Amino acid sequence: MTGEQTTEWRPTACILCECNCGIEVRLGGPDGRTLDRIRGDKAHPASQGYTCQKALRLDHYQNGPHRLTSPMRRRPDGTYEPVGWDTAITEVAAGLARVRDTHGGKTIFYYGGGGQGNHLGGGYASATRAALGSRFRSNALAQEKTGEFWVNAKLLGNYTRGDYEHAEVVVFVGKNPWQSHSFPRARPTLKEIARDPGRSMVVLDPRTTETAELADHHLALRPGTDAWCLAALAAVLVQEDLLDRDWLAEHATGLGRVESLLAAVDVDAYAAICDLDPGLIRRTARRIAAASSVAVYEDLGVQMSLHSTLSSYLNKLLWVLTGNFANPGGHYVPTSIVSLAGGGGGRERRSPVAGARIISGLVPCNVIAEEILTDHPGRYRAMIIESANPAHSLADSPRMRQAIRALEFSVVIDVAMTETAQLADYVLPAASQYEKWEATFFNFEFPHNYFHLRRPLLDPLPGTLPGTLPEPEIHARIVEALGALDAIDLAPLAEAAQRSRAEFGERFMRLMGEHPEAAPLLSVILYRTLGPALPDGAASAALLWGAAHRAAAQIGPSIERAGFEGAEALFDAILAHPSGVVFSVDEPADNWARVRTPGGRLDLDNEIVLDALAELAGAEPPGHDPDFPLVLSAGERRSFTANTIFRSPEWRRRDRDGALRVSRADADALGLADGDRARVTTRRGSAEVLVEVSPMMRQGHIALPNGLGVTRTPEAAPAGVAPNDLTSSDHRDPIAGTPYHKHVPARLEPLDAL
Ligand SMILES: Nc1nc2c(c(=O)[nH]1)N[C@H]1C(S)=C(S)[C@@H](COP(=O)(O)OP(=O)(O)OC[C@H]3O[C@@H](n4cnc5c(=O)[nH]c(N)nc54)[C@H](O)[C@@H]3O)O[C@H]1N2
Ligand SMILES: Nc1nc2c(c(=O)[nH]1)N[C@H]1C(S)=C(S)[C@@H](COP(=O)(O)OP(=O)(O)OC[C@H]3O[C@@H](n4cnc5c(=O)[nH]c(N)nc54)[C@H](O)[C@@H]3O)O[C@H]1N2
Ligand code: SF4
Ligand SMILES: [Mo]
């Protein structure tokens, strides 16, 4: 596959955001390993040829100087030495087993499992965790989406999205899809809505974003006042009798208390707190009520700001009170091959030290450091970190770094020597996402949902011993080194797989009957038995066989409508479509079947958020702290940011060091001009920044980009500011524990004045 120049376009996907647009790549360069030409893949079912400007830069990920080519072991002096794979796997398994045997598997914490483009690895990690008895885990979703998941679990017992492509009115709450995308072909869709006189776009954002520029109603509220703004919008629906009463009577329960709370809201007073014209709030609510379909997208601007979980509930009222569920252009419940979001149900679990609510199985990111840096007997003693960079991405980076070093054992699986890897006892180098079979579980479309299993473009880095491995192989080796599969003879199963899928399936069921204790090791068992029998070296896809069977049992009719009779046909189709395949076709009524509340209706009665709503009237609005008069939004998505997937600043065409954006009014008051250097200071830290005077910013609001402050190689200096050097882990939502990264009290001072 490698070595030669090629003129062939090969399908794969962009890995820089959750859209994972289909792309085609032409390899080039002296060794045929450069991602030379990149274009959108028209055969991809969701992106249909679309990409944004970032995808063209992907060679910086594949061939940057950051790539690791050998397992690394930490020396006592903090430097690293390369070791062979056998040594690394043996010592990692022994280190983890030691912690398990001394303190119990519960003290082994798992973080990550997939970034924007890679979720197969996390599927195999579940076997490693099971072999160790690890019970607690987390990932980035627990610092953004868990508040929303928790609200959804009570409201409908499932996950939900809006049909932005077809909605008459779209509402973006703290979301800038022009830059951050998050749904397919975001820019063409936004332009289409803006052009169509029959449709409207509503944006709640203090900043005049690229999306807000296209909006019909831009509610440029004071940062951190979304709960008041959303409550006022919902209150107008109630007070002007704009609810879809017939629909609510049939499809919802628990309207009583929320309706009386909203009836009592003083819309003018709430508008004043938000610094908005109450007329604008009223016109916006009326437009939403008049629409035949409404779709709302909430994202980090509210999920990482004050009252975030309450705001998640309130923005859902906008589409629930107006009857926009299970209608075309409204909200829906997507199918999944593997679910990331998790439903509701089950007993509520709490984290072992802080007692924080565990939502969708995830411990809030903001409590992880305090669950390590303590004498509590239940504290985490070891960590497995995979495809994530928590020493950079979690609140209060200095404390997170201290926590990782305080562990008795730590191992990182990554392609790069990241800020997190530089703290670990062992670093295991993964093959890149263009060197292995990969997929994401970010598949949220309706009525046609799709899945994309990508094939490798390249062999793993050649000429580099010991070299990299795909995560499924890493986990299989760890599980075997732990002895977890010793009692099971897998050979007959592997032989059956070589003969026929039917025989394999039958024997597999028998094995699971004989060894129920092996069920949690399922992914690695499939990888070692079915894996070698799959075509073109697709062993890593083995767990999708199990997922296809689960999907066929749960959403059989949707899969049949997509043209697949049963799980085997579905699995074969996934293997056979290198540009992705539509795996399910839904009908509106399917949504109701997926509502998992006791009565099968949307349930608005959520005591915890309604108590918070009741308190809002008397709550202190985000005010002026004389020491920190500004609000810093720490981590804005811009045209050249992509979390920490790229490590070389050269990939950034503009804004190389990630300027701090400030309004003209604040700049003038501080005596700052465009391009000046300044110092930003928060309660947690301080950093030197380059200033960009931006017409996008509202007075009192400043913003730094996300993903900066990383290094190309551990020796190089970082470019830009690492946002979480400025954030605090106790600055978080009381319900979900999610951080307030978009609302960090700050001050700014010209540098020469210091
Ligand atoms: N270019 C690019 N795209 C990305 C990513 C990337 O790194 N770069 N990352 C991906 C990931 S992981 C995610 S989660 C998504 C996130 O996507 P978004 O949530 O859209 O991204 P952000 O820019 O972080 O925040 C959105 C908006 O919130 C606004 N905001 C700040 N404070 C407030 C407030 O108090 N109230 C309201 N209503 N709004 C406020 C900001 O001005 C900003 O415009 O993007 C994905 N897409
Ligand atoms: N202050 C502040 N902090 C934030 C945010 C913010 O807006 N403000 N945003 C938050 C959000 S929404 C998110 S999603 C997180 C993101 O933060 P993280 O979840 O920590 O992840 P990424 O920065 O996306 O880094 C992904 C890692 O995967 C590695 N990687 C790439 N390909 C592979 C592979 O094939 N295998 C393996 N094993 N590793 C691979 C990369 O080198 C990188 O280290 O950041 C969060 N942190
Ligand atoms: S929208 Fe996201 S996945 Fe698509 S090309 Fe841009 S960065 Fe890549
Ligand atoms: Mo994210």
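Owing to the predicted nature of the structure, the values given are computational and were not obtained by experimental measurement. Ligands are counted one by one from 1 in listed order, and the atoms in each one are counted from 1 as well.
Every atom of ligand 1 is numbered from 1 in the order shown, and the set under 4.0 Å from a heavy atom of Leu204 is 37 (C), 38 (N), 39 (N). Those atoms of ligand 1 with a heavy atom of Gln179 less than 4.0 angstrom away are 1 (N), 2 (C), 3 (N). The Ser305 neighbourhood of ligand 1 comprises atoms 35 (O), with distances under 4.0 Å to a heavy atom of that residue. Set against the non-hydrogen atoms of Asn20, the atoms of ligand 3 under 4.0 Å away are 3 (S). Atoms of ligand 1 lying under 4.0 Å from at least one heavy atom of Asp226, given by number and element, are 34 (C), 35 (O), 36 (N), 37 (C), 38 (N). Those atoms of ligand 1 with a heavy atom of Gly174 less than 4.0 angstrom away are 19 (O), 26 (C), 27 (C), 28 (O), 37 (C), 38 (N), 39 (N). Taking every heavy atom of Gly224 and a limit of under 4.0 angstrom, the matching atoms of ligand 1 come to 34 (C), 35 (O).
Ring geometry for Phe183 versus Tyr297: interplanar angle of 30 to 60°, hence tilted. Taking the six-membered ring where tryptophan is involved, the planes of Trp228 and His307 are perpendicular, since the angle between them exceeds 60° and thus also 30°. Aromatic ring orientation, His119 versus Phe441: tilted (interplanar angle from 30° to 60°). A tilted orientation is assigned to the rings of His181 and Tyr50, their planes being inclined by 30° to 60°. The aromatic rings of His44 and Tyr450 sit perpendicular to each other, their planes meeting at more than 60°, with 30° as the lower class boundary.
Side-chain polar atoms of Arg187 and Gln179 form a donor-acceptor pair below 3.5 angstrom. Inspection of the Lys175 and Ser182 side chains reveals an N or O donor paired with an N or O acceptor under 3.5 Å. Neither side chain, Ser540 nor Lys436, offers a donor N or O lying under 3.5 Å from an acceptor on the other. A donor-acceptor contact closer than 3.5 angstrom is absent between the side chains of Gln303 and Ser312. There is no side-chain donor-acceptor pair under 3.5 Å between Asp733 and Thr738. No hydrogens or angles considered: nothing links the side chains of Gln143 and Arg732 as a donor-acceptor pair under 3.5 Å. Side-chain N/O atoms of Tyr124 and Glu473 include no donor and acceptor closer than 3.5 Å.
For the pair Met696 and ligand 1, no heavy-atom separation below 4.0 Å is found. Under the 4.0 angstrom criterion for non-hydrogen atoms, His181 is not in contact with ligand 1.
Ring pair Tyr159/Phe444: centre-to-centre distance below 6.0 Å.
Annotation: protein N, O or S atoms under 2.8 Å of atom 6 (Fe) of ligand 3 (waters excluded) comprise Cys52 SG.
Residue Asn706 forms a side-chain hydrogen bond (donor to acceptor under 3.5 Å, both in side chains) with just one option from Thr644, Asn643, Asn724, and that option is Asn643.
A salt bridge is defined here as a Lys NZ or Arg NE, NH1 or NH2 lying under 4.0 Å from an Asp or Glu carboxylate O, and Arg647 with Glu419 meets this definition.
Every protein residue with a heavy atom nearer than 4.0 Å to ligand 2 is included here: Tyr61, Asn118, Ala140, Gln143, Glu144, Leu300, Met304, Ser387, Ala388, Asn389, Ser393, Ile413, Asp414, Val415, Thr418, Ala430, Ala431, Gln433, Lys436, Glu471, Ala634, Gly635, Arg637, Asn643, Thr644, Pro723, Asn724, His741, Lys742.
Checked by distance only, ligand 1 and Asn176 come closer than 3.5 Å through their nitrogen or oxygen atoms. For Ser182, no nitrogen or oxygen atom sits less than 3.5 Å from a nitrogen or oxygen atom of ligand 1, counting backbone and side chain alike. Residue Arg222 has no N or O atom closer than 3.5 Å to an N or O atom of ligand 1.
Residue-level proximity to ligand 1 for Thr209 is carried by the side chain, the only part with a heavy atom below 4.0 angstrom. Contact annotation for Lys54 and ligand 1: only side-chain heavy atoms (C-beta onward) come within less than 4.0 Å of the ligand.
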(Q) Run the side-chain contact (heavy atoms from CB on, under 4.5 Å) test on Val171 and Val173 for me, step by step, so that the C-alpha distance in whole Å, both residues' side-chain angles and the decisive distance to 0.1 Å come before the verdict. (A) CA-CA 6 Å; Val171 185; Val173 186; 4.0 Å; yes
